[in-house]
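Take a look at the structure set out below.
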Amino acid sequence: MAGSFTFYPMKSLRCFLSLAACALAALPGCNRSEPAAAGSAAASGAGKPTIALVVKTLNNPFFIDMQKGAEEAAKKAGVNLIVQAADREIDVERQMQIIENLIERKVSALCIAPSGSREIVPVIVKANKAGIPVLIVDTRVDEKALAAAGGKIVTFIGSDNNDGGKLAGAFVAEKLGGKGNVAVLEGIPGHETGDARLRGFREAVAAFPGLKIVASQPANWERDQGFNVFQNILQSNPTVTALFACNDLMALGATEAIAAAGKAGKIVVVGFDAQPEAREAIKKGTMAATVAQFASRMGSTAVENAHKLLAGEKIAPFTPVAIELVK
Amino acid sequence: MKPRELLTHYGRQFGTLAGLLVLCAVLWALTPHFLTVSNLLNVAQQTAINAVIAVGLTFVIISGGIDLSVGSIVAFAGVVMATLLQRAVPVPLAILAGLGFGFGCGLANGLLISFGRLPPFIATLGMMSMARGGGLLFTDGRPVSGFDEGFRWLATGELLHVPVPVVVMLAVYAIAHFVLRLTPFGRYLFAMGGNEEAAVLSGVPVRFHKTLVYGVCGLLSALASVLLTARLNSAQPIAGINYELDAIAATVIGGTSLMGGQGSVVGTLIGALIMGVLRNGLNLLGVSSFVQQVVIGAVIILAVLLDTAFKRPKR
């Protein structure tokens, strides 16, 4: 170790400078994105309330639509908007960190699409303590867990996923003439959105004794997993004639598996969310239907409600957003 | 130690620390929300989980190995402990069981590596998949949620106004620093990582200590899992995905060499704090999550690049 003394101070200096440079490199990014996210040409947003929208991820077109809707509403209402998300849809701890940081930033209102219905509760309580109103979008919070922790939310803005599942189930029954083998691709287990869709679908299917759900497997909302899991389902259940996927990404992944198995057009594929790509697939005939969830309307309603709330208006505890089948 | 020796010994850490301070200064200049007591405690709490895992990885990496299974052990140990908690097992017992479970998973890694002669990358890659699958099987893929206040205290409580997770993190680092610098185990880690053959020839019980270091790493992952479970009030079998990468990043930013034989836990703590501060600061500034990923990647590369570029040539 002796003798290295002459060198190290230099090294410290270099480390110092480089990290400084690195930190500075981050600056243009933030200067650019803040006004852009605010959707306002004005460089200074002083005096205007800042509303934060924290979605699950921005890798999913559904949440990008939600972001767009929120940005338009923010522009109209003249409020600053910050949209943030974790890198991974299932990373609820990271989502929690983001929300804590926004609480430190003292945003005026928080709109959250929770990555975990129960796991989000502690941070809602933190926001409550900081006096920041919380509006929940898209995925319901577990009400029991919220009540147990003494947390409060202003409103839930979203569709009734249960109804969406029922629409999908009724459509599959109609398409198959009330009999056949059905497969299901689930979202992440224990995730309220997916569970509600699943419940609705099962309920609708149960009304037809000829319809049988022969396989129901989670593909964790992801496209590649939708492909793989459905490929495996096809191996073990070659008689499947319909598939309900709890979101479009998994459905789109599954259509590739169907094509690879040479069964294109022989399996009725129903997705959820009505993403542009799914609508294309319906036109092409690789998918039969999808349930439209109007993410952008959820985003805009969330910001509008937050704005009204900040202006002192009362908000209903549930703001339904329409749901319909696209075929 | 004389100041001169101090500088020699901790030169690298001074560099990393300077980086952290500059980062803080820049954020302080950019946003009024950064340098507040509550935000700094907030950053420390957010850093605690990664920092605790990173201690284990620092030990393993100093010994010349790698552990990819930490994130999966976080998930598996978490659901095991959470299930016990829900079956009304007393909190300390459930925590001990969780820690023991993590230690066991780690020991299994260590045995495969030292006695089975598997490369650490392979053994822990296997464990990564097995522990992940094990956790999913154990809970049928569902999260285990809802614990009583006594357990939640580990996330929500304070000791002398310092949040409990931060206290735990600091205690872990104090102990780890002591272990690494002042115990035979610590010295053997450096010896094994520096030159394993030489260590064997000088009579270091290499196999035993190699097995033990993976056990310690598993134990610390389980400890992180306790903090995570209390924080979320829920143990998820899908928790901790990619945590190994965050912990490796903190370790290398802190100046520990991936080649083994060199490193310090103090550096790792600063490395973990740099990552935590960066994420926090970028959130406070409202920077998009895409830009954040680019920035964090750049910091990792820069830190190691500097380390390599200016490393004193070996004599």
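So you know, we letter chains A, B, ... as the sequences are listed, proteins then strands, and number each from 1.
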Heavy-atom side-chain contact between [X] and [Y] under 4.5 Å:
X: B:I241; Y: A:R88; answer: yes
X: B:N50; Y: A:E93; answer: no
X: A:L102; Y: B:N283; answer: no
X: B:F34; Y: A:R105; answer: no
X: A:M96; Y: B:Q46; answer: no

Can you say whether [X] sits under 4.5 Å from chain B via the side chain, the backbone, both, or neither, judging by heavy atoms?
X: A:I120; value: neither
X: A:Q97; value: both
X: A:K126; value: side chain

Gap between atom CG of A:N101 and atom CG of B:N280 - 0.5 Å precision: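 Atom-to-atom, B:N280:CG and A:N101:CG are 4.0 Å apart.
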
Let me know if [X] has heavy atoms under 4.5 Å from chain A in its side chain, its backbone, both or neither.
X: B:Q293; answer: side chain
X: B:I49; answer: side chain
X: B:R279; answer: both
X: B:Q236; answer: side chain
X: B:L27; answer: neither

Those residues of residues 109-119 of chain A, ordered by number, that approach chain B below 4.5 Å (heavy atom to heavy atom): A:R118, A:E119

Chain B interface, residue from A:I90, A:D87, A:V121 that has the most non-hydrogen pairs under 4.5 Å: A:D87

Contact winner vs chain B - A:A149, A:A145, A:A85, heavy-atom pairs under 4.5 Å: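 Greatest number of close heavy-atom pairs with chain B: A:A85.
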
Closest heavy-atom pair and its distance - A:P122, B:N233: CG-CB, 4.2 Å

